[in-house]
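Side chains included, hydrogens not; waters and symmetry mates left out as well; all remaining heavy atoms used. One-based numbering, in listed order, for ligands and for the atoms of each. Computed from a predicted model, the values in this text were never measured in an experiment.
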Amino acid sequence: MRIAIDGPAASGKGTIAKGLAEHFHLPHLDTGMLYRAVGLSVRDVPELSFEDEAIVAARSIDPSRLDPDKLGQARVARLASRVARIPKVREALRAYQVDFANQPGGAVLDGRDIGTVICPDAEVKIFVTAGAETRARRRAEQMASQGYDIGYEEMLRQIESRDEADRNNPAGAFYMADDAHLLDTSQLDIEAALRAAIVIVNQAMAGQPGS
Ligand code: C5P
């Protein structure tokens, strides 16, 4: 079974994807980490060679050696958003994601273009979303608990600007697939959101409509 999870920053898609992978005993790939790793590796590269270096980095990335602690930082997210606009970077990261999705037994992937580009024939697609204010509050609390006190207002500004950049990404398809199930987590805590996602998957696998 292939499960494609897409959605904007801090919607809860990563936690839901991880939870679904555990529940259904499937391997999980957080595809944002690939873009973040490319972004981090070109953080000090001058503007003039930024694009070329990002393409080189994307082609030589080792997905088995990603460090979630380093890659989780807000400034890495901004770099990820920048490199995600480069078509050859997306192309270089694509084969690994497609192979991961199509491994025997299936997988759970989360990102921005999983249900539309990477795995358009996934058995289950979920588009996870929440209002920008909710996402900013959640992410600010999460960062504060890790010792990064960014504050709600600044986090809201960053989330809105990343939403805008992702929405208008000329190189990527960031939209909800026609056959995706919408899961709005604005009013749900993470346990309730995961339960709702499990119901969606079970119903989809049982061939039931309307989840
Ligand atoms: O999901 P996460 O916040 O880690 O993603 C970081 C950035 O990587 C996103 O803002 C987006 O620009 C980019 N990305 C993407 N396609 C994906 C996953 C992430 O363009 N499948």
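- For ligand 1, none of its N or O atoms has an N or O atom of Q97 under 3.5 Å away.
- Using a 4.0 Å cut-off between charged side-chain N and carboxylate O, K88 and E91 make no salt bridge.
- Among protein heavy atoms, the minimum distance from atom 3 (O) of ligand 1 is reached at R162 NH1, 2.9 Å.
- Regarding atom 18 (C) of ligand 1, its nearest protein heavy-atom neighbour is T31 OG1, 3.5 Å.
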Compile the donor-acceptor pairs under 3.5 Å between side chains in residues 28-40 and protein atoms, sequence neighbours left out, one pair per line.
| unit_1 | atom_1 | unit_2 | atom_2 | d |
| --- | --- | --- | --- | --- |
| H28 | NE2 | D110 | OD1 | 2.6 |
| D30 | OD1 | G32 | N | 3.1 |
| T31 | OG1 | D110 | O | 2.7 |
| Y35 | OH | R90 | NH2 | 3.4 |
| R36 | NH1 | L71 | O | 2.7 |

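- For atom 12 (O) of ligand 1, the nearest non-hydrogen atom of the protein is D166 OD1, 2.6 Å.
- Ion pair R82/E53 not flagged as a salt bridge, since none of the NZ, NE, NH1 or NH2 atoms sits closer than 4.0 Å to an Asp/Glu carboxylate oxygen.
- In this structure, the protein non-hydrogen atom closest to atom 1 (O) of ligand 1 is R112 NH1, 2.8 Å.
- Under the 4.0 Å criterion applied to side-chain N and carboxylate O atoms, E154 and R157 are assigned as salt-bridge partners.
- The protein heavy atom nearest to atom 4 (O) of ligand 1 is R36 NE, 2.6 Å.
- For ligand 1, the polar-atom distance check finds no N/O of Y35 at less than 3.5 Å from any of the ligand's N/O atoms.
- The residues K13 and D6 are annotated as not salt-bridged, no charged nitrogen and carboxylate oxygen being separated by less than 4.0 angstrom.
- Enclosure of atom CG in D178 is not indicated, since only 12 or fewer non-hydrogen atoms of other residues, nucleotides or ligands lie within 6.0 angstrom.
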